[in-house]
Amino acid sequence: MLVSSSTFRPITAIMDANYRPELIEAEAQKQWEAEQAFRAPDPNGPGFDPTRPKYYCLSMFPYPSGKLHMGHVRNYTIGDVLARYHKMRGYNVMQPMGWDAFGLPAENAAMANQVAPAAWTYANIDYMRKQLKSLGLAIDWSRELATCKPDYYRWEQWLFTKLFDKGVIYKKLATVNWDPVDHTVLANEQVIDGRGWRSGALVEKRDIPMYFFRITDYAEELLSELDHLPGWPERVKTMQRNWIGKSFGVEIHFPLSQPAGQDVLKVFTTRADTLFGVTYVAVAAEHPLAQQAAANNPALAAFINECKQGSVAEADLATMEKKGMDTGLKAYHPFTGEAVPIWVANYVLMGYGEGAVMAVPAHDERDFAFARKYHLPIKAVIKPADGELNLPLTEAYTENGVLFDSSDFSGRTSQDAIEKIALVLKGLGLGERRTTFRLRDWGISRQRYWGCPIPIIHCPSCGDVPVPEAQLPVVLPEDVVIDIGSPLKKMPEWSNCACPKCGGAAERETDTMDTFVESSWYYARYACPDNNEKMLDGRANHWLPVDQYIGGIEHAILHLLYARFFHKLMRDVGLFGAENVRSSANAGSPHPNPLMKPLPFGIPEGEGAIAKPKPIDEPFLNLLTQGMVVAETYYRELPDGKKQWHNPADVEVERNEKGHIVAAKLKSDGQPVVIGGIEKMSKSKNNGVDPQALIDQYGADTARLFMMFAAPPEQSLEWSDAGVEGAHRFLKRLWKAVHEHVAKGNVAAYSGGELAEAQQGFRRQLHQTIQKVSDDIERRQQFNTAIAAVMELMNALARLDGDDAVTRSLRQEALEAVALMLSPMVPHIGQALLVELKPGFAFAQAAWPTADASALVQNEIELVLQVNGKLRGKLTVAADAAKEAIEQAALASPEAQKHMEGKAAKKVVVVAGRLVNIVV
RNA sequence: GCCGACGUGGUGGAAUUGGUAGACACGCUGUCUUGAGGGGGCAGUGCGGAAACGCGUGCGAGUUCGAGUCUCGCCGUCGGCACCA
């Protein structure tokens, strides 16, 4: 059975005077499942209609943490509203769902509860799938995938081996957080105040070999393609641009002996104009020069050792106290030959550039603070173009300006000087212009168990050998016992193997991949999750790119950048085939299908419409970044210094007259708890609110409606269930309105004929509402105002009196439109009401209503009358009144006369359709 | 520390392109209905004022006939910072 006409159960069984969500929702969900109502037909497959353009609507898949939280409800309801709306607009919609199933929490749960990570994960998936289904989402469950299953990750391993052969993946040393007591690598999240979360030991930095993806090879494309993504929020593109961090600067070589010998210290700077202000150079603790100087300097060796403590997280490095020590070594200024001291500084990172910086205290804040602290000289060489510096400096002057005390370069502007200095340096062989990126290559090795095994075999004679395709997948054993560290490293029966090249004894790599790898390509696999022969087939060409991607703003950089990168990797491996074009159904106009109704409002023209992205180069055409659902956190400090987090549901709060929480105590013992601030709902802070209680009490439709009504999608939302009742009441009122209308007998919707003034006004509001709701959902993606507009319409309908045939036909027209417009948000009640209003109605084929232009015509409009910008009255004029006539009417009005106080009008501003402002 | 965003009644929020601040809800107050509870209906609800009117969008300045919206500075909150996902 494909798309059968929906015949809802005889309504009398469900449609009593009271709204019964538990009955309606169970019935609707059962019917949708039986009909496979949300199966997305593949090209040339059963049920495929080539005249319908495709719409791939994807919400970020969840980590199966145990149960749904409010953020999930928000995310998936937003996606569902867009998917259902587009289905009603005639698109072939695909909305899939799956599980981001590898990750650290499964190992933590395994240690805490003595269950295997796999068993824990699968149980969570089963429970959460049930929860998602109870929300009534229009998901094609036949495409479900879980990243921890070999039939998924085998293709990740397959791609890894291809990329390894291509040289896109390489191995190098990288620094990790090392817990010296537990002998294990810690995630940044597991380092709290510089100590391991379980052992409490001071964390050390340690270098270990890891595999890296050469994402920096794609930095230029990842940056420039952002300009071809008009459907992405500007803030996300800005964050990605800054993260990639392309900068133009100069590499400068400081000779290490005088006269200039072969050894030089290389630094990179974007401010080569400040070169004459250099008073020292600073190197990272791991820099070879630092190591060399420490060999016979115990104090320096001790300092370098101290630098090795602490986490590797950049936020920690950037906020820690800046410390340094003189190495006693000198470098020589490339122009003046002057000797400058070489310092070791903890704020210089070995992984960045050359692991060394030139320090100009006068013109860099960090260098200024450092020079102050260690009494290093501060030498100013840049002054403002139109003034002088106040010397001695009290803070760094970091603006561009004009050079002084800079030999032949004095008097030049910063920009000009950078060019010239780079040229002269090049002539001397002591540097040149360089473009650098802040973006670093992506290290994907994880010393953990619950992840995708890296398909490499280490052979003593052949080196690192990728696992041959025929031997894939390298299956992760699921029946294991977890304690500290990865069990793979203690399973020789798993890791011992034969070298694929020479056949000799070899060992498997026991590291697994970063879980960001799985989430970087799942969107493509949804097109063909059942293909056991290939990673992607022709269906990916049809469905990609994703037309609408929806997910939390917290993924603005890492996940979205990695997925964009992977898309390009898959393209370059040839996975999208030779015919890299989107299916013709979607080419050109957004609505090319003649069978489809036009939008009830104009399509915006301009930049966005013209700058069409090149589809196959980018995975996500349009991006909606949902704001976080946040909640207050509460904790108590335990005797061992650790924090015990309490759920807001277990805490009673006291508020001041401003509504701010001033005190809180635990309900169970009445004793105070510490207020920890508002943060995104998470397991680790125990501030998640379980949506299940909400669904159980009010039904999925109320939960969905309230979520969409509470705030616009992009905004962060502090959770409060005040207002849920209001959403529920609205649905009850709607139910009652339809019930009372239908109880008087079925009528056809209004289709023409004379209307009284009040009826005409109501019908205009109805069609204005259709226009607004369409625009709110499709263009603005702001559902709270769409719902508010429907509520206003319902309030107006309640005021529409009379049971004559015309009024009843208007009421029918309005209720049909309301049920249709609300269906994307509250599909269960939407279907039930439509079947009630139009017996035999086929919900699966429900079409979005269109505004009747003739209903929108207005003869008179009301303008706002201002005097000196202050509201003084209203002015009713003919809709087509000329500007002069409006001015005359405004000046003649008693309100204007009164507030002009006899003065003459200096100016009259008329804004068409809005206001008149008289300036005196 | 760096990057990005946000800040509007008692509360969630609206104001779409610089043009009526507070739509729509929650809560509260009054009132009607009900044996009570619950539910529902009606009216009111930014602050001050009897009113006229004045004030009002985190704070301070600026641009404009007109600023919640634009510019600059400050304060506060949230997200990210490469091994949480």
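Chain identifiers are assigned alphabetically (A, B, ...) following the order of the sequence lines, protein sequences preceding nucleic acid strands; residue numbering begins at 1 within each chain.
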Looking at [X], I'd like to know whether one of its side-chain N or O atoms comes within less than 4.0 Å of OP1 or OP2 on [N].
{"X": "A/T515", "N": "B/rA85", "answer": "yes"}
{"X": "A/Q782", "N": "B/rA15", "answer": "yes"}
{"X": "A/Q715", "N": "B/rC6", "answer": "no"}

Need one value for [X]: base, sugar-phosphate or nothing, where a base atom within 4.0 Å counts as base even if backbone is also close, heavy atoms only.
{"X": "A/V236", "answer": "nothing"}
{"X": "A/P712", "answer": "sugar-phosphate"}
{"X": "A/T238", "answer": "sugar-phosphate"}
{"X": "A/H555", "answer": "base"}
{"X": "A/L104", "answer": "sugar-phosphate"}
{"X": "A/A315", "answer": "base"}
{"X": "A/V185", "answer": "base"}
{"X": "A/S519", "answer": "nothing"}
{"X": "A/V864", "answer": "base"}
{"X": "A/V911", "answer": "base"}
{"X": "A/I918", "answer": "nothing"}

Mind calculating the distance between [atom1] ([X]) and [atom2] ([N]) to the nearest angstrom?
{"X": "A/I553", "N": "B/rC6", "atom1": "CD1", "atom2": "P", "answer": "11 Å"}
{"X": "A/Y347", "N": "B/rG1", "atom1": "OH", "atom2": "P", "answer": "17 Å"}
{"X": "A/Y63", "N": "B/rA85", "atom1": "OH", "atom2": "C1'", "answer": "9 Å"}
{"X": "A/L875", "N": "B/rG19", "atom1": "CG", "atom2": "C1'", "answer": "15 Å"}
{"X": "A/F61", "N": "B/rA85", "atom1": "CZ", "atom2": "P", "answer": "11 Å"}
{"X": "A/F437", "N": "B/rC3", "atom1": "CZ", "atom2": "P", "answer": "19 Å"}
{"X": "A/N917", "N": "B/rG18", "atom1": "CG", "atom2": "P", "answer": "18 Å"}
{"X": "A/E714", "N": "B/rG4", "atom1": "CD", "atom2": "P", "answer": "17 Å"}

> In residues 239-247 of chain A, which ones come under 4.0 Å of RNA chain B, going by heavy atoms?
Replying inline: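 Contacting residues: A/M239, A/N242, A/W243.
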> Taking RNA chain B as the partner, which of residues 208-215 of chain A come within under 4.0 angstrom of it by heavy atom?
Replying inline: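 Of all residues in residues 208-215 of chain A, the ones placing a heavy atom under 4.0 Å from RNA chain B are A/M210.
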Among the candidates [options], find the nucleotide nearest to the side-chain atoms of [X].
{"X": "A/P105", "options": "B/rA15, B/rG19, B/rA85", "value": "B/rA85"}
{"X": "A/R235", "options": "B/rG4, B/rU16, B/rC84", "value": "B/rG4"}
{"X": "A/A318", "options": "B/rG1, B/rC81, B/rG79", "value": "B/rG1"}
{"X": "A/V909", "options": "B/rC65, B/rA82, B/rG13", "value": "B/rC65"}

Just by distance, with hydrogens left out, do [X] and [Y] show a side-chain donor and acceptor under 3.5 Å apart?
{"X": "A/Q447", "Y": "A/T184", "answer": "no"}
{"X": "A/Q782", "Y": "A/D776", "answer": "no"}
{"X": "A/Q240", "Y": "A/R564", "answer": "yes"}
{"X": "A/S199", "Y": "A/D182", "answer": "no"}
{"X": "A/T436", "Y": "A/S247", "answer": "yes"}

Any N/O pairs under 3.5 Å between the protein and nucleotides 45-54 of chain B? List them or say none.
{"from": "B/rC53", "atom 1": "OP1", "to": "A/K898", "atom 2": "NZ", "distance (Å)": "3.3"}
{"from": "B/rG54", "atom 1": "OP1", "to": "A/R872", "atom 2": "NH2", "distance (Å)": "3.2"}
{"from": "B/rG54", "atom 1": "OP2", "to": "A/R872", "atom 2": "NH1", "distance (Å)": "3.4"}

Going by an N to O cut-off under 4.0 Å, is there a salt bridge joining [X] and [Y]?
{"X": "A/E895", "Y": "A/K898", "value": "no"}
{"X": "A/K907", "Y": "A/E887", "value": "no"}
{"X": "A/D367", "Y": "A/R372", "value": "no"}

Just by modelled atom types, is the [Y] backbone N or O under 3.5 Å from a matching donor or acceptor in the [X] side chain?
{"X": "A/N124", "Y": "A/P64", "answer": "yes"}
{"X": "A/Q897", "Y": "A/L891", "answer": "yes"}
{"X": "A/R74", "Y": "A/G627", "answer": "yes"}
{"X": "A/D514", "Y": "A/F516", "answer": "yes"}
{"X": "A/D316", "Y": "A/G194", "answer": "no"}
{"X": "A/W735", "Y": "A/N18", "answer": "yes"}
{"X": "A/K322", "Y": "A/M320", "answer": "yes"}
{"X": "A/E862", "Y": "A/L875", "answer": "no"}

Identify all pairs in which a protein N or O lies below 3.5 Å from an N or O of nucleotides 21-31 of chain B, and state each distance.
{"from": "B/rA23", "atom 1": "O2'", "to": "A/E792", "atom 2": "OE1", "distance (Å)": "3.3"}
{"from": "B/rA23", "atom 1": "O2'", "to": "A/E792", "atom 2": "OE2", "distance (Å)": "3.3"}
{"from": "B/rA25", "atom 1": "OP1", "to": "A/N795", "atom 2": "ND2", "distance (Å)": "2.8"}
{"from": "B/rC26", "atom 1": "OP1", "to": "A/R729", "atom 2": "NE", "distance (Å)": "3.4"}
{"from": "B/rC26", "atom 1": "OP1", "to": "A/R729", "atom 2": "NH2", "distance (Å)": "2.7"}
{"from": "B/rG27", "atom 1": "OP2", "to": "A/R729", "atom 2": "NH2", "distance (Å)": "3.1"}

> Can you name the side chain to side chain contact (heavy atoms under 4.5 Å, CB included) partners of A/K205, sequence neighbours left out?
Replying inline: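 Testing A/K205 for side chain to side chain contact (heavy atoms under 4.5 Å, CB included), a comparison that skips the adjacent residues, returns A/T175, A/V312, A/L317.
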>> If you go through the side-chain atoms of A/R914, does one of them form a donor-acceptor pair with the base of B/rU20 closer than 3.5 Å?
In response: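 By the distance-only test, no, there is no pair.
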> Is it true that the NZ or CZ of A/K736 lies under 6.0 Å from the centre of A/Y19's six-membered ring and within 45 degrees of the ring axis?
Replying inline: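 No, a cation-pi geometry is absent between A/K736 and A/Y19.
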For [N] versus [M], give the span between their [atom1] atoms, rounded off to a whole number of Å.
{"N": "B/rC6", "M": "B/rG13", "atom1": "P", "answer": "14 Å"}
{"N": "B/rC74", "M": "B/rA67", "atom1": "P", "answer": "24 Å"}
{"N": "B/rC75", "M": "B/rG58", "atom1": "C1'", "answer": "8 Å"}

> Toward the 5' end of RNA chain B, which comes first, A/S716 or A/Y562, by nearest nucleotide?
Replying inline: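 Mapping each residue to its closest nucleotide by heavy atoms, the 5'-most match is A/S716.
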> When Watson-Crick pairs (N1 to N3 and N6-O4 or O6-N4) and G-U wobble pairs (N1-O2 and O6-N3) count only below 3.5 Å on both distances, what is the dot-bracket string of RNA chain B, with | for other-strand pairs?
Replying inline: (((((((..(((......[....)))(((((((.....)))))))(((....)))..(((((..]....))))))))))))....
> Aromatic ring centroids of A/Y522 and A/F61 under 6.0 Å?
Replying inline: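 Centroid separation for A/Y522 and A/F61: below 6.0 Å.
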> Taking syn as any angle within 90 degrees of 0 and anti as the rest, which one fits B/rG9?
Replying inline: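 In terms of base orientation relative to the sugar, B/rG9 is syn.
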> Step by step, would you call A/D179 with A/R206 a salt bridge (Lys or Arg N to Asp or Glu O under 4.0 Å)?
Replying inline: CA-CA 10 Å; A/D179 186 320; A/R206 180 174 277 209; over 6 Å; no
